[in-house]
Amino acid sequence: AYATSKQGGLAAVFSLAREFPKLHFRAIEPGVTPGTNLGRDMSPALRLVGNAMQPFARFMPYFSTPKVAGKMIAGVVTDASDATGVYYDEKGHPMKASKQVSDPQFADRYIAETRALLATLPANDE
């Protein structure tokens with residue numbers, strides 16, 4: 001479910017970036033952040049390992065810390081360039097998404113089906 005939701009978010013970024021080129025849509029992969037509450041469903045032993053790894057995370061590929069990830073995210077979000085439809089890795093560098101999510105037809109279908117689903121929900125007139 002987690003991977004599916006991540007891929008859906010990427011599909012949305014890619015499709016919406018094409019649909020609304022004047023807006024900037026960006027996706028960010030902040031990296032694995034050991035020692036955070038994101039691993040709360042892991043076994044106690046794995047949580048202990050994650051906590052022990054936290055001081056070294058910034059030096060490991062695909063890993064990060066909340067502080068480092070926060071700075072990287074702030075940089076991507078406040079970037080004044082015209083970059084849109086870009087997927088950034090844990091270091092703030094553009095990266096490639098999966099072949100399926102990178103396929104414009106798949107991403108556009110994802111958005112169309114999401115809009116169709118949302119149209120079936122009752123309006124919230126509060």
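Applying the under-4.5 Å side-chain rule to Ile, Leu, Val, Met, Phe, Trp and Tyr, the cluster around Leu118 extends to Leu121.
Shown here are the side-chain contact (heavy atoms from CB on, under 4.5 Å) partners of Lys67, two or more places apart in sequence or in another chain: Thr65, Lys71. Residues passing the side-chain hydrogen bond (donor to acceptor under 3.5 Å, both in side chains) test with Glu29, sequence neighbours excluded: none. Residues meeting the side-chain contact (heavy atoms from CB on, under 4.5 Å) test with Leu23, sequence neighbours left out: Phe20, Phe25. Scored by the salt bridge (Lys or Arg N to Asp or Glu O under 4.0 Å) test, Lys91 finds no partners at all (sequence neighbours excluded). Listed by chain and number, the residues in a side-chain contact (heavy atoms from CB on, under 4.5 Å) with Pro94 are Val86, Tyr88 (sequence neighbours excluded). Residues satisfying the side-chain hydrogen bond (donor to acceptor under 3.5 Å, both in side chains) criterion with Gln100, sequence neighbours excluded, are absent altogether. Partners of Ala97 according to the side-chain contact (heavy atoms from CB on, under 4.5 Å) rule, which considers only residues two or more places apart in sequence or in another chain, are Leu10, Phe14, Tyr87, Val101, Ser102.
Contact detail for Gln7 and Ser98: the closest heavy-atom pair is OE1-OG, 3.0 Å. When all heavy atoms of Ser64 and Pro30 are compared, the closest pair comes out as CB-O, 3.3 Å.
No continuous path of ILVMFWY side-chain contacts below 4.5 Å connects Met72 to Met95, so the two sit in separate hydrophobic clusters.
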Let me have the donor-acceptor pairs involving side chains of residues 105-112, under 3.5 Å, with sequence neighbours excluded, atom names and distances please.
| from | atom 1 | to | atom 2 | distance (Å) |
| --- | --- | --- | --- | --- |
| Asp108 | OD1 | Ser15 | OG | 2.7 |
| Asp108 | OD1 | Arg18 | NH2 | 2.6 |
| Arg109 | NE | Glu113 | OE2 | 2.6 |
| Arg109 | NH2 | Glu113 | OE2 | 3.3 |

Throw together a table of side-chain donor-acceptor distances under 3.5 angstrom for residues 75-83, partners on residues two or more places apart or in other chains.
| from | atom 1 | to | atom 2 | distance (Å) |
| --- | --- | --- | --- | --- |
| Thr78 | OG1 | Ala74 | O | 2.6 |
| Asp79 | OD1 | Ser81 | N | 3.0 |
| Asp79 | OD1 | Ser81 | OG | 3.3 |
| Asp79 | OD2 | Ser81 | OG | 2.8 |
| Ser81 | OG | Ala83 | N | 3.2 |

